[in-house]
Amino acid sequence: MKKDLIIALKLGSICLVAVLLLSIVNLFTDKKIKLSNQLKMEAANKELFADGVTFKKNHFNKNNELSDEFYFEVYNSTQKMIGYITLINGTGFGGEIALLIAFEKNLKIKNIKLLKNSETPGFGKKWENQKSMDMFVNTNTDDKPFPIKKSMVSPEFLNTPDGVTGATITFNGITEAVARAISLMKQL
Amino acid sequence: MDNVIIQENKSNSLFKKNILYFTNGLLKENPALILLLGMCPTLAVTTKVANGIGMGLATTFVLLFSNLLISLLRNFIPTKVRIPSYIVIIASFVTTIDLLMQAYLPLLTNSLGVFLPLIVVNCIILGRAEAFAGKNTAGKSILDALGMGLGFTFALILISLLREFPGTLKIDFSDFGLGILTFLKNADNPTLSIFRFNIYSGAKIFTMPAGAFFILGLILAFKQNIENKKKYGDK
């Protein structure tokens with residue numbers, strides 16, 4: 001009994017030291033990581049909406065300002081609102097993914113960008129390439145619904161070497177997240 | 001007079017003995033090419049030389065600090081719970097390097113993806129902890145970690161060099177904030193051409209997963225050939 005207690009205490013003390021070490025490292029790197037994520041987001045916003053000038057950040061739930069899912073209202077140089085950019089989280093093959101989705105005013109999808117992800121290099125990572133998102137562009141209208149399943153994707157996108165083949169789970173993760181974003185945007 | 005010479009010989013052999021702990025990992029027991037440990041990152045991330053360097057150095061960092069700590073604590077850690085203790089120590093250092101890389105090399109973190117946190121379960125690190133650091137002094141463990149880590153880095157660089165260059169005809173260091181190295185014009189899409197005929201613009205198979213197996217297999221065959229010649233002569 002006493003022996004087991006000593007073993008538990010020793011293991012506990014190792015864990016405690018590990019926690020201390022990690023909190024110190026976090027203290028140093030947290031600001032820097034947040035800053036680099038923010039810069040990435042700003043650059044991505046500009047990339048998705050080239051004619052956007054002001055991006056006004058809003059939360060879906062006004063009471064939850066800390067939520068990591070939110071949207072920007074995009075204004076052009078004459079202060080006219082031209083669309084939205086939504087940040088949404090989902091689950092890919094390697095864990096959490098974050099997507100930026102640019103909508104036009106009528107919620108037609110203008111473009112999608114895969115931000116944070118831990119997908120497999122050579123497979124799921126390919127979705128970082130803007131070209132693979134082409135299959136979603138200009139969908140979510142009355143005559144062109146958003147392709148939530150692989151079978152709904154136009155065949156011309158499936159035969160490209162960088163198509164969905166080999167990264168189905170990432171594809172499903174992306175479409176599920178986008179469908180959720182669409183329903184959230186419709187509620188606004 | 002005789003005494004001095006003996007002492008010199010002694011220190012010389014001590015140095016020789018210690019350097020063996022270092023070179024052991026570099027060549028004789030190279031973790032990736034001889035022991036065939038850590039095959040998952042070896043095959044998966046070596047699509048780019050930059051990935052190979054990043055992954056190798058990250059592994060070396062974790063190996064160095066976990067070996068050092070485990071060898072210092074080897075009399076403190078109870079034998080019954082040594083594996084959980086090793087994993088806690090290794091996981092803390094992996095998280096440390098993960099956070100540091102996210103902060104200072106965000107592009108490299110992106111391209112290494114899930115394999116960076118997966119260093120925790122890299123069998124080289126747990127293997128060295130169990131086989132070496134848990135039984136030897138701190139100094140020897142550091143030498144062993146450096147040798148093993150640099151040997152792994154060397155193997156990753158070798159494989160990724162043989163994959164990236166034939167695959168794309170360029171070596172992309174943009175993840176480190178540096179340029180792209182190529183011997184041909186048009187750095188974005190280099191093509192080998194003679195008299196305006198495009199002959200070769202890189203074979204994609206090398207950067208695909210299959211290419212990793214091909215290249216690793218060729219390297220192992222080449223190594224085996226040399227060893228066999230040493231052993232049996234030219235027969």
Side-chain angles (χ1 to χ4, degrees), chain A residues 3-41 43 92-98 114-129 161-162 165-167 169-170, chain B residues 40-41 43-48 51 55 65-66 69-70 73 75-118 160 163 167 204 206-212:
Chain A
K3 259 186 192 166
D4 288 346
L5 199 69
I6 290 173
I7 288 175
L9 276 177
K10 279 185 171 176
L11 194 56
S13 62
I14 290 173
C15 292
L16 200 73
V17 174
V19 169
L20 265 171
L21 171 83
L22 287 181
S23 48
I24 292 169
V25 175
N26 188 42
L27 214 65
F28 281 110
T29 52
D30 190 42
K31 257 190 190 164
K32 191 100 187 165
I33 292 172
K34 277 198 177 134
L35 188 76
S36 92
N37 283 344
Q38 199 189 329
L39 283 177
K40 234 190 259 172
M41 175 98 69
F93 187 68
E96 227 176 71
I97 57 171
L114 179 63
L115 289 184
K116 199 189 95 183
N117 68 84
S118 311
E119 300 307 290
T120 322
F123 289 95
K125 276 267 174 209
K126 277 184 190 162
W127 290 95
E128 278 181 1
N129 186 344
D162 290 325
T165 327
I169 293 173
T170 316
Chain B
C40 182
L43 294 169
V45 304
T46 49
T47 49
K48 276 158 78 185
N51 287 359
M55 186 72 199
F65 282 93
S66 60
L69 208 66
I70 287 166
L73 293 175
N75 295 325
F76 173 79
I77 296 172
T79 337
K80 262 189 190 169
V81 290
R82 67 184 190 287
I83 301 287
S85 311
Y86 294 166
I87 288 288
V88 170
I89 291 168
I90 293 166
S92 335
F93 286 116
V94 171
T95 316
T96 307
I97 189 86
D98 191 17
L99 288 172
L100 285 173
M101 272 169 110
Q102 273 183 44
Y104 297 101
L105 289 168
L107 286 172
L108 190 64
T109 319
N110 271 348
S111 54
L112 289 179
V114 72
F115 291 105
L116 199 54
L118 277 183
S160 53
R163 285 180 72 191
K204 218 172 176 183
F206 287 109
T207 53
M208 301 283 277

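Naming: A, B, ... by sequence-line order, numbering from 1 per chain. Just so you know, these numbers come straight off a predicted model, no measurement behind them.
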Worksheet item: Can you name the nearest heavy-atom pair linking B:Leu99 to A:Ile33, along with the distance?
Response: O-CD1, 3.7 Å
Worksheet, complete the sentence: side chain to side chain contact (heavy atoms under 4.5 Å, CB included) with A:Ile7: of B:Ile77, B:Val81, B:Thr79, only one passes, and it is B:Val81
Discussion item. Heavy-atom pairs under 4.5 Å with chain A: which of B:Ala91, B:Pro84, B:Ala103 has the most?
Written reply: B:Ala103
Item to complete: Carefully, step by step, assess A:Asp4 and B:Lys80 under the rule side-chain contact (heavy atoms from CB on, under 4.5 Å).
Response: CA-CA 10 Å; A:Asp4 288 346; B:Lys80 262 189 190 169; 4.1 Å; yes
Worksheet entry | Contact winner vs chain B - A:Val25, A:Leu21, A:Thr29, A:Ile6, heavy-atom pairs under 4.5 Å | A:Thr29
Fill in: Minimal non-hydrogen separation, B:Tyr104 against A:Lys32, with atom names
CE2-CE, 3.7 Å
